[in-house]
Amino acid sequence: MKMSAVISLIIANVVVFVLQSLSNGVIDAYFALWPLQAIDGQSYFHVWQIVTYAFLHSTDNILHLLFNMFGLWMFGTEIERYVGPRRLLACYFASVIAAALTQLFVPMLFGAPPGPTIGASGGVFGLILAYAIMFPKRKVAVYFLIPMPTWLFATLYAAIELFQGVTGSQSGVAHFAHLGGMVGSALVLAQWRLRARFR
């Protein structure tokens, strides 16, 4: 029996989290997403970081990992059943890369201080959008309390991220990366629909 793509991603994230915890910051130094501009006269950016950052999480707050993995499981599992593991991975990594590119270029336009970015949330936000498009009338219980259709959940979440990103009202969170993940997912879904239309 083959292991699902979602479970494989979760295991990879957990393994990397353990290695991070033992590395005294070395893994973050090389594999977090560092900004293009130099920090204290030194550039830390490497091209592989547009993917590797998504497997790193804060070792000071395990909830960072747990919430992202819960979101990956919650939305990714159903998407994988619907489109298969290859398309799930294509959607996820397109979201991760689009989130990284957005984070590299957009925050500096708003004067955000340069710093590293870590976390799978760009990929998870991409899956949230994909889930909302594939299953728009399914209900999601926000914070396990407020049920709403997934299309509304995704729309409200995107609006909140945009507001917080522009206003800077919640620092330390890569709001534009989250929105970039949604854009990456939307592009992949649009490509799938175009291919299906011209078959």
Side-chain angles (χ1 to χ4, degrees), residues 1-21 27-28 31-33 48-103 117-136 138-144 148-151 153-158 160-161 172-189 192:
M1 183 176 179
K2 292 183 179 179
M3 184 181 298
S4 77
V6 168
I7 297 301
S8 298
L9 286 171
I10 291 173
I11 291 173
N13 275 272
V14 171
V15 169
V16 171
F17 180 80
V18 173
L19 294 175
Q20 263 185 282
S21 301
I27 287 179
D28 294 65
F31 297 105
L33 179 67
W48 60 75
Q49 294 169 359
I50 64 173
V51 173
T52 58
Y53 81 98
F55 290 92
L56 277 59
H57 290 84
S58 172
T59 54
D60 296 324
N61 183 8
I62 196 171
L63 291 178
H64 186 213
L65 174 70
L66 294 180
F67 278 123
N68 275 340
M69 294 305 97
F70 177 72
L72 174 55
W73 171 81
M74 180 178 177
F75 298 104
T77 300
E78 191 68 19
I79 294 171
E80 184 174 2
R81 289 197 196 104
Y82 190 65
V83 300
R86 288 187 179 181
R87 284 195 162 188
L88 177 280
L89 290 172
C91 182
Y92 181 78
F93 282 108
S95 301
V96 163
I97 292 170
L101 295 175
T102 305
Q103 185 64 17
T117 300
I118 56 175
S121 52
V124 173
F125 268 78
L127 296 184
I128 289 173
L129 180 74
Y131 191 93
I133 292 173
M134 293 176 187
F135 316 106
R138 294 264 182 97
K139 294 290 179 69
V140 176
V142 182
Y143 300 115
F144 305 102
M148 64 176 65
T150 54
W151 70 266
F153 171 73
T155 302
L156 290 176
Y157 222 157
I160 291 169
E161 291 296 318
V173 179
H175 300 291
F176 291 112
H178 297 165
L179 293 170
M182 287 182 150
V183 171
S185 176
L187 292 174
V188 169
L189 292 174
W192 293 348

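If you're wondering where the values come from, they're calculated on a predicted model, not measured in any experiment.
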A.B. asks: Give the minimum heavy-atom separation between Ile10 and Met69, together with the two atoms involved.
C.D. replies: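 Closest approach of Ile10 to Met69, heavy atoms only: CA-SD, 3.8 Å.
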
A.B. asks: Could you tell me how the ring of Phe31 sits relative to the ring of Trp48: parallel (under 30°), tilted (30 to 60°) or perpendicular (over 60°)?
C.D. replies: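 If you compare the ring of Phe31 with that of Trp48, the planes turn out tilted.
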
A.B. asks: Does Ser185 reach the main-chain N or O of Gly181 with its side chain, forming a donor-acceptor pair under 3.5 Å?
C.D. replies: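 Between the backbone of Gly181 and the side chain of Ser185 there is no qualifying donor-acceptor contact (under 3.5 Å).
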
A.B. asks: Using side-chain contact (heavy atoms from CB on, under 4.5 Å), reason through Asn13 and Asn68 one step at a time and then give a plain yes or no.
C.D. replies: CA-CA 10 Å; Asn13 275 272; Asn68 275 340; over 6 Å; no

A.B. asks: For side-chain contact (heavy atoms from CB on, under 4.5 Å), just list the numbers for Leu66 and Phe70, CA-CA rounded to whole Å, side-chain angles, deciding distance to a tenth of an Å, and then say yes or no.
C.D. replies: CA-CA 6 Å; Leu66 294 180; Phe70 177 72; over 6 Å; no

A.B. asks: Can you confirm whether Leu9 sits close enough to Leu89 that some side-chain heavy atom of one is under 4.5 Å from a side-chain heavy atom of the other?
C.D. replies: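 Yes, at least one pair of side-chain atoms sits under 4.5 Å.
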
A.B. asks: Looking at side-chain heavy atoms only, is the closest gap between Thr150 and Met134 below 4.5 Å?
C.D. replies: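 When only atoms from C-beta onward are counted, Met134 and Thr150 do not touch, as no gap falls below 4.5 Å.
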
A.B. asks: Taking all atoms of both residues into account, what is the closest heavy-atom pair of Ala154 and Ile128, and its distance?
C.D. replies: CB-CG2, 4.0 Å

A.B. asks: Can you tell me how far apart CZ (Phe93) and CG (Leu88) are? Round to the nearest 0.5 Å.
C.D. replies: 9.5 Å

A.B. asks: Is the backbone N or O of Ser4 less than 3.5 Å from a side-chain atom of Glu80, with the two atoms forming a donor-acceptor pair by type?
C.D. replies: no

A.B. asks: Any chance you could lay out the side-chain contact (heavy atoms from CB on, under 4.5 Å) test for Leu127 and Cys91, step after step, and finish with the verdict?
C.D. replies: CA-CA 7 Å; Leu127 296 184; Cys91 182; 4.2 Å; yes

A.B. asks: In terms of the angle between their ring planes, are Tyr157 and Phe153 parallel, tilted or perpendicular, with boundaries placed at 30° and 60°?
C.D. replies: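 Aromatic pair Tyr157/Phe153 classed perpendicular.
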
A.B. asks: Rounded to the nearest 0.5 Å, how far does CZ of Phe55 lie from CG of Leu65?
C.D. replies: 12.0 Å

A.B. asks: Using the six-membered ring wherever Trp is involved, compare the ring planes of Tyr131 and Phe75 and label them parallel, tilted or perpendicular (cut-offs 30° and 60°).
C.D. replies: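 Ring orientation, 0 to 90° scale: perpendicular.
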
A.B. asks: How close do His178 and Ser121 get, heavy atom to heavy atom, and via which atoms?
C.D. replies: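 For His178 versus Ser121, the nearest heavy atoms are NE2-OG, 2.9 Å.
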
A.B. asks: To the closest 0.5 Å, what do you measure between CZ (Phe125) and NE2 (His175)?
C.D. replies: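 With rounding to 0.5 Å, CZ (Phe125) is 9.0 Å from NE2 (His175).
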
A.B. asks: Which residue pairs pass the side-chain hydrogen bond (donor to acceptor under 3.5 Å, both in side chains) test with at least one member in residues 89-101, sequence neighbours excluded?
C.D. replies: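 Those involving residues 89-101 do not exist here.
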
A.B. asks: Does Leu179 reach the side chain of Val183, with side-chain heavy atoms less than 4.5 Å apart?
C.D. replies: no

A.B. asks: In this structure, are over 12 heavy atoms from other groups packed under 6.0 Å from Trp73 atom CH2?
C.D. replies: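 No.
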
A.B. asks: Please enumerate all residues that pass salt bridge (Lys or Arg N to Asp or Glu O under 4.0 Å) together with Glu78, with sequence neighbours excluded.
C.D. replies: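 Applying salt bridge (Lys or Arg N to Asp or Glu O under 4.0 Å) to Glu78 gives Arg81, Arg138.
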
A.B. asks: How close do Ile118 and Ser58 get, heavy atom to heavy atom, and via which atoms?
C.D. replies: CD1-N, 3.5 Å

A.B. asks: Where is the tightest heavy-atom contact between Leu33 and Tyr53, given as atom of each residue plus distance?
C.D. replies: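 Leu33 and Tyr53 have their closest heavy atoms at N-CB, 3.4 Å.
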
A.B. asks: Shortest non-hydrogen contact from Gln20 to Leu56?
C.D. replies: OE1-CA, 3.3 Å

